[in-house]
Amino acid sequence: MKRFYILSIILLVILSLGFVTTDTEEATNAPKEWAIALHGGAGNYPVDASEERTKQYEEALAEALSIGSKILEEGGSALDAVEQTINYLENNELFNAGRGAVFTSEGKNELDAAIMDGSQMNAGAITGVTTVKNPISLARKVMEESTHVFFAAEGAEEFADQTTVERVDPEYFKVERRYEAWKRRNAGEGMLLEGSEDNSWKFGTVGCVALDKDGNLVAGTSTGGMTNKKFGRVGDVPIIGSGTYADDLVAVSATGWGEKIMLNVSAHTLASYMRFKEATLDESMDYLVNDVLNPKEAGFIAVDKDGNISMETNTGSMFRASADSDGNEVVAIYADE
Ligand code: ASP
């Protein structure tokens, strides 16, 4: 009898543990109403960076996050959330997109951007623009107001002439501090993620992915490209499927060494792995970041149709932030945070 009693208690404990675990799992896995993630570039943010500088980045990431979160929370579209979050980051000279973009080997700022609406399987992209204040907004116009997907350089500027996007003098993008550092360095060669005395040069591309309450998934990315890029160099960012991609399962935005990201058609690789392997977002991200790409090459943010978020980099750091309808919020910089 005593044995039976003890066994019953053990059984009850096991069963209740089982219930607790199941409940927790259900709570965590329950689809979110909305979710958003953003990045401000991957690289190697110095471990000994000043507290003041780090605070500036953290505040900017938190502010950008609040812009997109508010839109989604109020029932706005993922497209608006992605565009407006990226607009803020483009206007903030801390990041390598819009104002504050890095310099080409000729000392110019040439901007790339792309946006993709996964629910429509439609996208817009531009490369090499020099007078468009917010390149992501022009990319959206390409998607919504043209019959094409991708415009380059003069063609992109000509298309911009036919839209209402804000234009600026190319000087607007030039941030003196960065320009002076670029001149001092005057490398002329080497689009490297590492090896410069000014670390801020190696990262700053911005991106955002979002799921709205209607279930739409959108990805957007905007960048000045890589420091010292040569004449007409196009990076991964505006290449649909490389640096930016969204479908009905997942939205992805990349940052890092564009050539490597492109060669692995990275964002689409993650989406395909998820679809054809029937893998989770975390499994797919792990495959891309650790099996497909090599260390120190790139980082990605992604959100899936259930509002799960993944933000991973194989570099030392990636400025990033995320939020969802369950009240989860993250602002982080170093890879191992
Ligand atoms: N991926 C961007 C490019 O190669 C650079 C970056 O993310 O920092 O243009």
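In listed order, ligands and their atoms are each counted from 1.
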If I apply the N/O under 3.5 Å rule, does Gly225 come out as touching ligand 1?
no

Over 12 non-hydrogen atoms of neighbours within 6.0 angstrom of CD in Glu337:
yes

Any pair with a residue in residues 237-246 that passes side-chain hydrogen bond (donor to acceptor under 3.5 Å, both in side chains), sequence neighbours left out, goes on the list, sorted by first then second residue, please.
Thr221-Thr244

When you check the side-chain N and O atoms of Glu90 and Ser222, is any donor under 3.5 Å from an acceptor?
yes

Atoms of ligand 1 less than 4.0 Å from Thr205 heavy atoms?
2 (C), 5 (C), 6 (C), 7 (O), 8 (O)

Does the N or O separation between Gly256 and ligand 1 drop below 3.5 Å for any pair?
yes

Does Glu83 form a side-chain hydrogen bond (donor to acceptor under 3.5 Å, both in side chains) with Ser137? I'd like the steps, not just the answer.
CA-CA 6 Å; Glu83 182 186 5; Ser137 298; 2.7 Å; yes

Remaining members of the apolar cluster that contains Leu263, side-chain heavy atoms under 4.5 Å
none

Within the structure, does Thr255 bring an N/O atom to less than 3.5 angstrom of an N/O atom in ligand 1?
yes

Where on Lys260 is there a heavy atom closer than 4.0 Å to ligand 1, on the side chain, on the backbone, on both, or on neither?
neither

Min N/O separation Asn96 to ligand 1 under 3.5 Å
no

Atoms in ligand 1 with a heavy atom of Asp236 nearer than 4.0 Å:
1 (N), 2 (C), 3 (C), 4 (O), 9 (O)

Any Lys/Arg nitrogen of Lys260 or Asp236 sitting under 4.0 Å from an Asp/Glu carboxylate oxygen of the other?
no

With respect to atom 9 (O) of ligand 1, which of Lys229, Arg233, Glu259 exhibits the smallest heavy-atom separation?
Arg233

